[in-house]
Peer 1: 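Would you mind keeping the following structure in view while I ask a few things?
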Amino acid sequence: MSSPPPSFDEMLQGPDQVRDPYSVYYDWFSHDDLRRLQRKSREAEAFFRRIGITFNVYGQQEADERLIPFDIVPRIISAREWSRLERGIEQRVRAINAFLHDIYHRQEILRAGRIPQHVIAGNEAFTPQMIGVTPPGRVYTHISGVDLVRTGEDDFFVLEDNVRTPSGVSYMLENRETMLQMFPELFTRLKVRPVSAYPQLLRRSLSDCAPEESPNRKPVVAVLTPGIHNSAYFEHAFLADQMGAELVESHDLRIVDGHVAMRTTQGYQPIDVIYRRVDDAYLDPLTFNPESLLGVPGIMDVYRAGRITIANAPGTGIADDKALYSYMPDIIEFYTGERAILQNVPTWRCSEEESLAYVLAHLNELVVKEVHGSGGYGMLVGPAASKKELARFEAKLRAKPANYIAQPTLALSTVPILTKSGLAPRHVDLRPYVLVSPNRIEITPGGLTRVALKKGSLVVNSSQGGGTKDTWVLGD
Amino acid sequence: MMLGKTAGGLFWMCRYLERAESVARLVEAGWHMALTQSASADSNEWESILITAGILDAYKQKYDTFATANVVNFMLRDRDNVSSVMSNIELARQNARMVRTALSSEVWEATNEAWMTLREILARPVTDRNLHDTLATIRLNSSVVRGALHGTMLRNDIFAFARLGTFIERADNTARILDVKYYVLLPSAAFVGTSMDNAQWEVILRSVSAERSYRWVTAGDSSAKGIAEFLILDARMPRSVAFCISKVRQYLGHLAEEYGTRLPSHDLADQLDARIRNTDIEAVFQTGLHEFLGEFISDNIRLANHIERDFRFYG
């Protein structure tokens with residue numbers, strides 16, 4: 001088995017060799033009392049429990065509501081680093097929206113041969129119901145959460161674009177709130193760019209995407225949740241609350257006089273924008289999934305008539321499908337005429353015979369992902385896998401090669417967490433949140449840093465034992 | 001503008017909170033009786049307390065006798081008992097989660113903390129040694145939620161639906177407590193003035209936390225009629241039927257004003273309130289205490305159903 005390559009630590013380049021963005025923090029940390037910090041860390045947990053920032057774990061009935069562990073050491077990004085990320089993200093999101101419009105209209109990119117037909121035609125994420133439909137304001141991905149990883153001083157990669165219903169933004173906001181309460185002195189020493197405006201920006205961004213004609217004087221916005229048993233329910237309630245929007249379930253909605261309307265104590269009230277946190281399949285049983293008891297029958301007719309905004313638009317999943325991921329550099333070039341600022345991780349498409357042969361020969365070095373999987377499920381991390389797991393995956397790959405892609409195991413950067421014995425490096429990723437409206441693209445400085453709490457682990461997903469950190473983007 | 005579902009969630013959140021308190025109070029009254037009576041006399045008392053809480057059948061499916069430890073644990077913490085304090089707190093919190101956007105963060109956090117605290121202390125069997133502390137914790141936690149509700153919520157339709165839930169539930173609880181015991185309150189009861197009687201009166205008053213206020217109002221002069229009058233008709237007593245129904249009418253009035261429409265539930269509440277206000281205890285006994293209470297309980301249920309329909313709780 002190959003040993004993992006050495007990782008880039010974002011705080012320490014060697015003993016007491018502190019990278020610039022961390023110098024003020026490290027100085028403060030070194031002069032503080034470790035026991036006090038550990039106590040603070042426990043306080044943070046009690047705080048999270050009290051306000052109820054919990055999530056439900058799929059397939060674990062016993063552990064009804066769990067807390068995502070929070071680490072009190074911030075992840076710090078310099079102004080220079082951030083401005084480059086920002087440009088890269090903006091470019092990517094612009095390209096994705098252009099791609100989505102194209103793929104559901106003229107399909108120029110297929111005609112130009114930049115993406116093979118079969119990648120789209122045979123793809124479940126491609127949504128024929130969206131062909132010829134233009135969403136209000138021509139925005140497809142109102143909210144996205146781009147997953148980034150870092151491997152070196154200047155090496156950032158996009159791992160996933162997350163343009164369906166990315167979650168986690170409530171943790172970004174609550175993590176900052178917690179840090180402000182626990183360590184106010186740090187915020188006087190360092191200029192950290194605020195994130196707290198996110199809910200207001202989201203509200204404005206969604207309102208700007210509302211249909212032009214509406215029975216309401218001001219756009220009425222509602223957050224559509226599957227309900228209190230959903231793993232991200234806390235976040236749905238939190239965002240509705242912070243935006244001053246209604247939190248609805250599909251049975252609160254019906255079509256009245258050609259509009260989507262919600263049942264209020266005084267009758268049905270039309271709404272203009274639905275920020276849905278349900279999958280496409282649960283939007284409209286008439287259009288997508290006749291078996292579904294969830295959803296609002298007829299909502300897609302209203303959508304096609306341009307009388308409701310659905311954020312994100314149905315069918316965006318084609319853009320972050322893993323089978324399409326490897327074409328992203330082409331997509332960016334095709335629609336923006338520029339080279340991609342952020343790198344893509346080299347990817348082997350197992351549907352291609354040569355690639356499959358390579359992947360099978362190097363399974364213990366690679367990360368293999370299911371094309372339609374998410375949340376770290378159905379994934380193989382070669383260097384960390386047992387012989388049995390490798391054998392199991394080899395069988396899976398041979399049976400259905402088109403279901404998988406493979407990537408090199410990236411040496412994800414580390415940021416220290418606070419442990420019983422002090423600081424210890426752990427692997428991280430970063431999910432910045434991006435808002436798109438017809439007139440602007442808004443990227444909240446920072447985002448959610450997820451951290452693999454187990455030593456050496458590369459899996460940062462909260463469903464698999466990952467935690468989070470506050471993310472600081474420094475001002476100029 | 002408020003979702004019908006949200007109105008329903010607020011209404012039920014407060015009903016469950018009130019019910020949790022009421023069940024805890026019944027346990028307290030029964031426990032006090034069990035402590036002050038001989039061992040053989042107390043079993044009867046627990047039976048009537050289980051009837052009052054509406055859970056006698058459920059209890060009997062699990063236990064053959066009315067041993068204090070079994071009843072107490074069944075009423076406080078048994079998850080098979082949908083009316084146990086823990087089940088009610090669980091349901092209250094579930095509704096609070098559902099309507100979280102309508103609650104101040106103080107109310108949500110108080111409710112969530114009550115749930116966390118009680119889940120922890122009610123995870124283990126309640127014994128003689130810790131029953132007192134357990135009941136005190138339940139009382140304290142529900143007081144904190146109530147305090148947050150009063151201190152931090154805007155007085156709009158949100159508050160009105162929450163309060164409607166509280167008072168519909170409380171009116172029901174008080175009426176049921178009296179109805180299960182109506183025979184000890186009849187002026188003709190044979191054992192008037194016996195110590196058995198006094199103990200029974202004590203249980204009733206304790207079940208609604210009124211033992212002190214009643215003594216204060218009557219200057220220590222207890223009588224069956226006096227207790228019935230106090231708990232049904234005295235509008236100063238915050239758990240009396242008269243007080244609760246006047247509050248229901250008041251908050252429905254707020255809604256009529258805020259929404260600019262009167263609905264069937266308004267008329268029903270007005271009628272019910274007028275009936276209680278325009279009667280006296282002599283007339284109640286003439287109708288028959290049991291009949292009077294039975295009629296009130298079903299009218300109160302009818303009113304709750306109308307509120308649910310009028311404000312589109314469920315569709």
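Lettering of chains follows the sequences in order, A, B, ..., and the numbering in each one begins at 1. In what follows, every heavy atom counts, from backbone to side chain, and hydrogens, waters and symmetry copies are set aside.
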Peer 1: Is chain A contacted by the side chain of B:Met1, its backbone, both, or neither, given a heavy-atom distance below 4.5 Å?
Peer 2: both
Peer 1: Between A:Gln242 and chain B, with a heavy-atom cut-off of 4.5 Å, which part of the residue counts as in contact: side chain, backbone, both or neither?
Peer 2: neither
Peer 1: Around atom NE2 of B:His132, are there more than 12 heavy atoms of other residues, nucleotides or ligands at under 6.0 Å?
Peer 2: no
Peer 1: Taking atom OH of B:Tyr16 and atom OG of B:Ser83, what is their separation to the nearest 0.5 Å?
Peer 2: 9.0 Å
Peer 1: At a heavy-atom separation under 4.5 Å, does A:Gln266 approach chain B through its side chain, its backbone, both, or neither?
Peer 2: both
Peer 1: What residue, out of A:Ala240, A:Gly227, A:Gly267, has the most heavy-atom pairs lying under 4.5 Å from chain B?
Peer 2: A:Gly267
Peer 1: Can you tell if the side chain of B:Tyr251 reaches within under 4.5 Å of the side chain of B:Lys247, non-hydrogen atoms only?
Peer 2: yes
Peer 1: CZ of B:Arg146: more than 12 outside heavy atoms within 6.0 angstrom?
Peer 2: yes
Peer 1: Tell me whether A:Arg50 contacts the main-chain N or O of B:Glu113 through its side chain, where contact means a donor paired with an acceptor under 3.5 Å.
Peer 2: no
Peer 1: Can you tell me which of A:Val248, A:Thr264, A:Thr265 forms the most heavy-atom pairs within a distance under 4.5 Å of chain B?
Peer 2: A:Thr265
Peer 1: So which of A:Tyr171, A:Phe48, A:Phe47 actually passes ring-ring contact (aromatic ring centres under 6.0 Å, His included) with A:Phe70?
Peer 2: A:Phe48
Peer 1: Sort A:His251 into side chain, backbone, both or neither according to what part of it lies under 4.5 angstrom from a heavy atom of chain B.
Peer 2: side chain
Peer 1: Relative to chain A, which segment of B:Tyr314 carries a heavy atom at a distance below 4.5 Å: side chain, backbone, both, or neither?
Peer 2: backbone
